[in-house]
Amino acid sequence: NNFYYLTGVEDMNAILVMAPKSKTSYLFLPRQNPREDMVEGKNLLADPDAKEKTGMTDVYPLNFFDEFLARHTERNDLTYYVRLSPKLWEDRIFIGRTSRIHYNDRLSLDNYRVKKLKERYPIVEIKDVEPFFSELRVIKSTEEIEILRKNGKISAEAVKQAMLTARPGAYEYELHAAAMHVVLKNGATEEFSIVGSGPNTCVWHYAEKSRQLEDGDLILMDFGANLSYQTMDITRTWPANGKFTPEQREVYEIVLAVQKACIEAYRPGVTTEDVQKHVAEVMKSKGLDPRGLTGGIGHYVGMDVHDVGPHGIPLEEGMVFAI
């Protein structure tokens, strides 16, 4: 996502080099053989207008990359900014889980690349580029917000269609299929989906979608589409038979009151503490026991479902997040 954010390029095995001192940028792409052209289509290296289309200073074959670094490093700067670690905390968790099996314990791709660069260019200082992306991507452009708004409408309609499909006897995967029809029909793709019924509603990342809905079940759907590299995250809960039990309705109304109170509180300059204070006041005025729910800012959405960006800072115009 960070690569696409800077380049708009989707070609595989590409490398981007930016030299701030000279304000130049260079794209490196593999030279493909005729079979690769036939099977995968030609990459930008074969396009005579590649420089103009990408805005790059130049576009080079991939095999020139190391020679380029050798020629240009000292005249620009003896510092390389690369990705030192996975961009998202979830990725670090997955790496940790993989390493539980000592046969799978190996360097991550990021760490391997850093190791290779240090071996080839020991004089260079290596720093982490990720904080720059976190700062850039947390504030969405007008165009990004427009795409997110359109995606929100598509994803919301998808969830509504899943609701209309739900009934005792249906399967979780039928609800997913109904939602995906809406997503694909509108030119988007699936980013992720959780469709859990009954006991599966309590499994945060339940993935199977295999259970048959029963009368009295609640259904939890956590769903989002990807539209032009912008993702959405919508979670809704409803009864499989169309009618809440008294206990289900009580809990649902508490959650809904918290959500609405959060929305009321959001504005530039507000912190999580401000939101939680407002939620507490609203719940007290309504005579509702929040059952431990305090509200808050939620997580950013954007190019990633849990998008990059600093947490705990006051809200700014242009931030977009799930509530």
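Because the structure is predicted, anything quoted here is derived from the model rather than measured.
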In residues 9-17, what donor-acceptor pairs under 3.5 Å come from side-chain atoms, sequence neighbours left out?
residue, atom, partner, partner atom, Å
E10, OE2, Y229, OH, 3.0
D11, OD2, L44, N, 2.8

Qualifying residues under side-chain hydrogen bond (donor to acceptor under 3.5 Å, both in side chains), relative to D37, sequence neighbours excluded: none

Going by the angle between their ring planes, with limits at 30° and 60°, are F223 and H176 parallel, tilted or perpendicular? perpendicular

Applying salt bridge (Lys or Arg N to Asp or Glu O under 4.0 Å) to K140 and not counting sequence neighbours gives D307

Regarding N200 and Y206, do their side chains bring together a donor and an acceptor under 3.5 Å, going by distance alone? yes

Are F321 and Y266 an aromatic pair by the rule of ring centers under 6.0 Å? yes

Using the test salt bridge (Lys or Arg N to Asp or Glu O under 4.0 Å), find all partners of E52 that sit at least two apart in sequence or belong to another chain. none

side-chain hydrogen bond (donor to acceptor under 3.5 Å, both in side chains) against H299, all qualifying residues, sequence neighbours excluded: D233

Does E125 pair with K118 as a salt bridge, N-O distance under 4.0 Å? no

Does E281 CD have over 12 foreign heavy atoms under 6.0 Å away? yes

Could you list the residues that satisfy salt bridge (Lys or Arg N to Asp or Glu O under 4.0 Å) with D47, not counting sequence neighbours? K53

Does D222 offer a backbone N or O that forms a donor-acceptor pair with the side chain of T235 under 3.5 Å? no

Show me the donor-acceptor pairs within less than 3.5 Å that the side chains of residues 28-36 make with the rest of the protein, sequence neighbours left out.
residue, atom, partner, partner atom, Å
Q32, OE1, N43, N, 2.9
N33, OD1, R35, N, 3.0
N33, OD1, E36, N, 2.8
E36, OE1, N33, N, 2.8

What are the two closest heavy atoms between S155 and I234, and how far apart are they? CB-CD1, 3.8 Å

For the residue pair H181 / Q161, report whether a side-chain donor-acceptor contact shorter than 3.5 Å exists. no

Identify each donor-acceptor pair in which a side-chain atom of residues 212-219 lies under 3.5 Å from a protein atom, sequence neighbours left out, and give them as a table.
residue, atom, partner, partner atom, Å
Q212, NE2, G169, O, 2.8
D215, OD1, N241, ND2, 2.8
D217, OD2, R211, NH1, 2.6
D217, OD2, R211, NH2, 3.3
D217, OD2, E214, N, 2.8

Tell me, do L117 and V124 make a side-chain contact under 4.5 Å, heavy atoms counted? no

Checking R83 against N2: is there a side-chain donor and acceptor pair closer than 3.5 Å? no

Any donor and acceptor pair, going by atom type alone, linking the side chain of T272 with main-chain N or O of G296 inside 3.5 Å? no

Answer whether the closest heavy-atom distance between the side chains of T7 and M56 falls below 4.5 Å. yes

Which residues end up grouped with Y173 if you chain together Ile, Leu, Val, Met, Phe, Trp and Tyr wherever their side-chain heavy atoms are less than 4.5 Å apart? Y171

Does E172 use its side chain to pair, donor to acceptor, with the backbone of S210 at less than 3.5 Å? yes

Keeping the roles fixed (side chain from T201, backbone from G198), state whether a donor-acceptor pair exists under 3.5 Å. yes

Is the closest side-chain heavy-atom distance between N186 and K153 below 4.5 Å? no

Mind running salt bridge (Lys or Arg N to Asp or Glu O under 4.0 Å) on K185 and E157 for me, showing each step along the way? CA-CA 11 Å; K185 184 178 69 174; E157 183 59 32; over 6 Å; no

Non-neighbouring partners of E146 that pass side-chain hydrogen bond (donor to acceptor under 3.5 Å, both in side chains), sequence neighbours left out: none

For the residue pair D66 and Y121, confirm or rule out a side-chain donor-acceptor distance under 3.5 Å. yes

May I ask you to check whether K209 and S193 show a side-chain donor-acceptor distance below 3.5 Å? yes

Residues that D49 engages under side-chain hydrogen bond (donor to acceptor under 3.5 Å, both in side chains), provided they are two or more places apart: none

Please determine, by modelled atom types, if E247 and T245 share a side-chain donor-acceptor pair under 3.5 angstrom. no

Test salt bridge (Lys or Arg N to Asp or Glu O under 4.0 Å) applied to R249 - qualifying residues, sequence neighbours left out: E253

